[in-house]
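Report on the structure given below.
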Amino acid sequence: MASLARARLPRRLPRFGLRAIQTSADTTQLKDSPSDPSQPFTVTLHEDSFRAYKCDKPELEVQVTRDELLGMYKQMQTMRRMEMAADALYKAKLIRGFCHLAIGQEAVSVGLENGIEKDDRVITGYRCHPFAVLRGGSITGVLGELLGRQIGMSHGKGGSMHIFTPSFFGGNGIVGAQVPVGAGVSFAQQYLGQKNCTFALYGDGASNQGQVFEAFNMAKLWNLPTIFVCENNKYGMGTPAERSSSNTEYFTRGDKIPGLQVNGMDIIAARQAVQYARRWAVDEGKGPLLLEFVTYRYGGHSMSDPGTTYRTREEVQRMRSTQDPIRGLQRYIEQWGLASEQDLKALDKAAKAEVDAAVEEAKASPEPEAKDLWTDIYYKGTEPSFMRGREREEVHHY
Amino acid sequence: MLTTTNAIRSLPVKSLPAVLTQARRNSTKVEPPPAGGHAPLVAESKLLKSTRDSALRTSGISWVDEDASGLVGGRETRKMNTYQAVRDAMSIALAKDDNAVVFGEDVAFGGVFRCTMGLAEEFGRERVFNTPLSEQGIAGFGIGLAMMGHTAIAEIQFADYIFPAFDQIVNEAAKIRYRSGGSFNVGGLTIRTPTMAVGHGGLYHSQSPEGFFMGASGLKVVIPRSPLQAKGLLLGSIRDPNPVIFMEPKILYRSAVEQVPVDDFQLPLGKAEILVPGSDLTLLTWGTPVYNCDNAIHLLQNPLPVLEKLVPASLRSAKIELIDLRSILPWDVETVVESVKKTGRLVIVHEAGMTAGVGAEISAEVQKRCFLKLNAPVKRVTGWDVPNALSYEKFHMPDSIRVLDAIMETLQY
């Protein structure tokens, strides 16, 4: 077997002549120095920030403002702090069950939120915590849900992967199941003539599920405003992309659906791609688009996966030190003179304080009441006459 | 899917009904046995409402437009078969609810069973449209649509094809209300699907998968027995604030004909109906076997000459209570238990296999609640625990003779 594995290796070498996407977080250049940092100014993304399939690449020159960049920095830092808090709570055995953290992938969730409109819809799979907060939820609500408390966004009945807001249709625990649901959501938007679209996210692992392709087909057939977003963090659970997918260029897998591969570690590129996709589907009415964010998760797939059995510690360390989205943005902000190191430290402190307060608030919330075990199964008043408990005394009568 | 599926799918829609009824006509050389053994044709059943008056007085009926004519007596009925009644229900749903859409494989052309005939022309192709042949996608798509508050009426072309969509139905549709703490639901979703045997459907066109959904709390499963029931229960299902799987017995699409009120009306979900009252044995069933059971009761009372010496005279006056369960999930425990407490005997008839079928759940619950009242073990008459092979389909079905045998055995226990 070992020799077979080695025989396969040459296929994994980069093909010559094909330019690979670059995923460093700090290659965006300032075009001209902003004289007044409160005014919008132009920056230039690295020329290999995008690769396109059956469509044009987005503009590399992007307008940004100081407030936008600082806002995104704060959001990314807060999201990372929240996930770290979840990690600690899990290790303290206060969060039980399943928990999948998105540390390292912050540029995708924060970039997405900053590129879309309030009434656009988002639906995703396992790594859903940041989206839930950014789409109108709260850190307390997410942590409370993970802890299984009443203050949780699903009142403690969902747990990780089951967190919703009016414009965020949830995480999902069935790999790929959210993708056709997202197509249905965008059909409703189209049916109502709304100027909105739906972002249906999934990972490189889920990309091989049959129903993902069923959704691709329906969305293209009916020209739905669905943006399929593949968060390619390079490992589907513990299997590297190239060992699970015959075609690892996920942005080309929509057949007739055009696609865009994006540097998912540079938040400016991520936001630019999201805005491009939104224009494509909503303003230009061109139907679905496939976005692939090339990103990386620092932690394991879930809390029970140390994340070091199928990749080297050095690899993780290298990604952390050279391609971290938060450090990248920090470098831009400092180099371009938008804020001082002290200003950013203050933002970090504020993020930490916000998360710490949310942890305490969530921990203080009571667990769901026993009676809520029986609610939300059927619409109130249309339930069967009873639901079984474990024993005779526990049979619940409506 | 396999060749049978493709063969049916590739047939022009118009030729299908002929194919589906062929087996009943093809053996004409000798005296043909009546369809389904010695069952009288479904169309002759007294259970079907043949008059306007009896149709309007259907038990449990609730009129949606109370003020349409003021008096129930002033309402009209029309003779319909089941597919026409199903179409009528969808037409009303589409007309009254702008956010209602109908979609599925070939529904824009009328569907393989003609249940959606003319709906696309009447309501537009934006509202009645064909989907690709992808059941999991259809279910997921419908769930997304319903999560946006729309009324999604999806069709899975045969209940046998519902298995690719099983995950979406059980994990998403049934659970979304609970797992979102009540903030989302797919109450607007109704999945229609033709079910049960047609006599020659074979492995992938004659199954009865209702039992697989029984553990999926959050979902409702409904199976009507006749055109009037189909219309009322389908409108009830479409408007029920929970996701519903509506299984239509496909042999009844054409064979069952009755007077159906033309107005908008609903029948209650979760309620069984006592079709024939009795005091000695409860016969519980749903869908197509309702007619086999009805016939078995007639055979018990007036056995055919060949059966005469097999049916003891002492049993012929037994009063059998025939119940149509109608809703499989949640099922009407009260009506069934009350009946069994009265009769002391229960025979359950369904087409699906016995092991872990719906009958298993019902008999377990009944023996728990009626243990001291039971005079005989609960008997189940079901399909065999084998795949539903084409050549054996007639032997597979719980026909009138098997039901009669079970009634006699239970009465004599």
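Proteins come first, then strands; the chains are lettered A, B, ... in the order of their sequence lines, and each starts at number 1.
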Pick from B/K175, B/R369, B/K368: which one has the most heavy-atom pairs with chain A under 4.5 Å? B/R369
Backbone N/O of A/N247 and side chain of A/R253: donor-acceptor pair under 3.5 Å: yes
Give a yes or no on whether the ring-centroid distance for A/Y378 and A/Y398 is below 6.0 angstrom. no
Per-residue contact mode, B/T131 against chain A (heavy atom under 4.5 angstrom): both
Please classify the contact of A/P368 with chain B as side chain, backbone, both or neither, using a heavy-atom distance under 4.5 Å. neither
For B/S217, is it the side chain, the backbone, both or neither that has a heavy atom under 4.5 Å from a heavy atom of chain A? both
Polar side chain donor-acceptor pair, B/E155 to B/T116, under 3.5 angstrom: no
Nearest heavy-atom approach of A/T124 to A/E231 is OG1-OE2, 4.4 Å
Under 4.5 Å, heavy atom to heavy atom, which residues of residues 121-129 of chain B contact chain A? B/E126, B/R127, B/F129
Heavy-atom contact with chain A under 4.5 Å, split by part of B/L269: neither
Non-hydrogen contacts under 4.5 angstrom with chain B: give the residues of residues 142-156 of chain A involved, or none if there are none. A/M153, A/S154, A/H155
Rounded to the nearest 0.5 Å, what's the gap from NZ on B/K220 to CG on B/N242? Could you check? 4.5 Å
Between B/F184 and A/F169, does the ring centre distance come in under 6.0 Å? yes
Least distance between heavy atoms, A/W280 atom then A/P288 atom: NE1-O, 3.3 Å
Plane angle bin for A/H396 and A/W374 - parallel if under 30°, tilted between 30 and 60°, otherwise perpendicular: parallel
Check: B/G359 main-chain N/O paired with B/H350 side-chain donor or acceptor under 3.5 Å: yes
Testing the basics here: between B/I156 and B/I138, what is the closest heavy-atom pair and its distance to 0.1 Å? CD1-CG2, 4.3 Å
Verify the neighbour count for atom OH of A/Y379: are there more than 12 heavy atoms of other residues, nucleotides or ligands below 6.0 Å? no
Flag, side chain of A/Y90 to backbone of A/G97, donor-acceptor distance under 3.5 Å: yes
Okay, side chain of B/S237, backbone of B/L233: is any donor-acceptor separation there less than 3.5 Å? yes
Need one label for A/M161: side chain, backbone, both or neither, based on atoms under 4.5 Å from any heavy atom in chain B. backbone
Is it the backbone or the side chain of A/I163 that comes under 4.5 Å from a heavy atom of chain B, or both, or neither? neither
Within the side chain of B/N130, is there an N or O that forms a donor-acceptor pair under 3.5 Å with the backbone of B/V107? yes
Only counting residues at least two apart or in another chain, list the ones meeting side chain to side chain donor-acceptor pair (under 3.5 Å) with B/T190. none
Within the side chain of A/R127, is there an N or O that forms a donor-acceptor pair under 3.5 Å with the backbone of A/G125? no
Contacting moiety of B/D167, where chain A heavy atoms sit under 4.5 Å: side chain
By a 4.5 Å heavy-atom criterion (distance strictly below it), what part of B/V186 contacts chain A: side chain, backbone, both, or neither? neither
Under the ring pair (Phe, Tyr, Trp, His ring centres under 6.0 Å) criterion, do A/H301 and A/Y126 qualify, and how do the steps go? CA-CA 10 Å; A/H301 164 72; A/Y126 276 39; 5.8 Å; yes
Members of residues 197-226 of chain A whose heavy atoms come closer than 4.5 Å to chain B: A/Q211, A/E214, A/N217, A/M218, A/L221, A/W222, A/L224
Max heavy-atom pair count under 4.5 Å with chain A, selected residue of B/S180, B/P330, B/P132, B/A152: B/S180
Could you tell me which portion of B/Q168 (side chain, backbone, both or neither) has an atom closer than 4.5 angstrom to a non-hydrogen atom of chain A? side chain
Counting only non-hydrogen atoms closer than 4.5 Å, does B/N99 touch chain A with its backbone (N, CA, C, O), its side chain (CB onward), both, or neither? both
Heavy-atom pair of closest approach, residues A/H129 and A/H100: CE1-O, 3.6 Å
Nearest heavy-atom approach of B/I348 to B/S363 is CD1-N, 3.9 Å
Taking only Lys NZ, Arg NE, NH1 and NH2, and the carboxylate oxygens of Asp or Glu, determine whether A/E383 and B/R177 approach each other closer than 4.0 Å. no
Tell me, side chain or backbone of A/S186 under 4.5 Å from chain B's heavy atoms, or both, or neither? neither
For the candidates B/P243, B/G149, B/P241, B/G270, which exhibits the highest count of non-hydrogen atom pairs separated by less than 4.5 Å from chain A? B/P241
Proximity breakdown for A/N172 and chain B, heavy-atom pairs closer than 4.5 Å: both
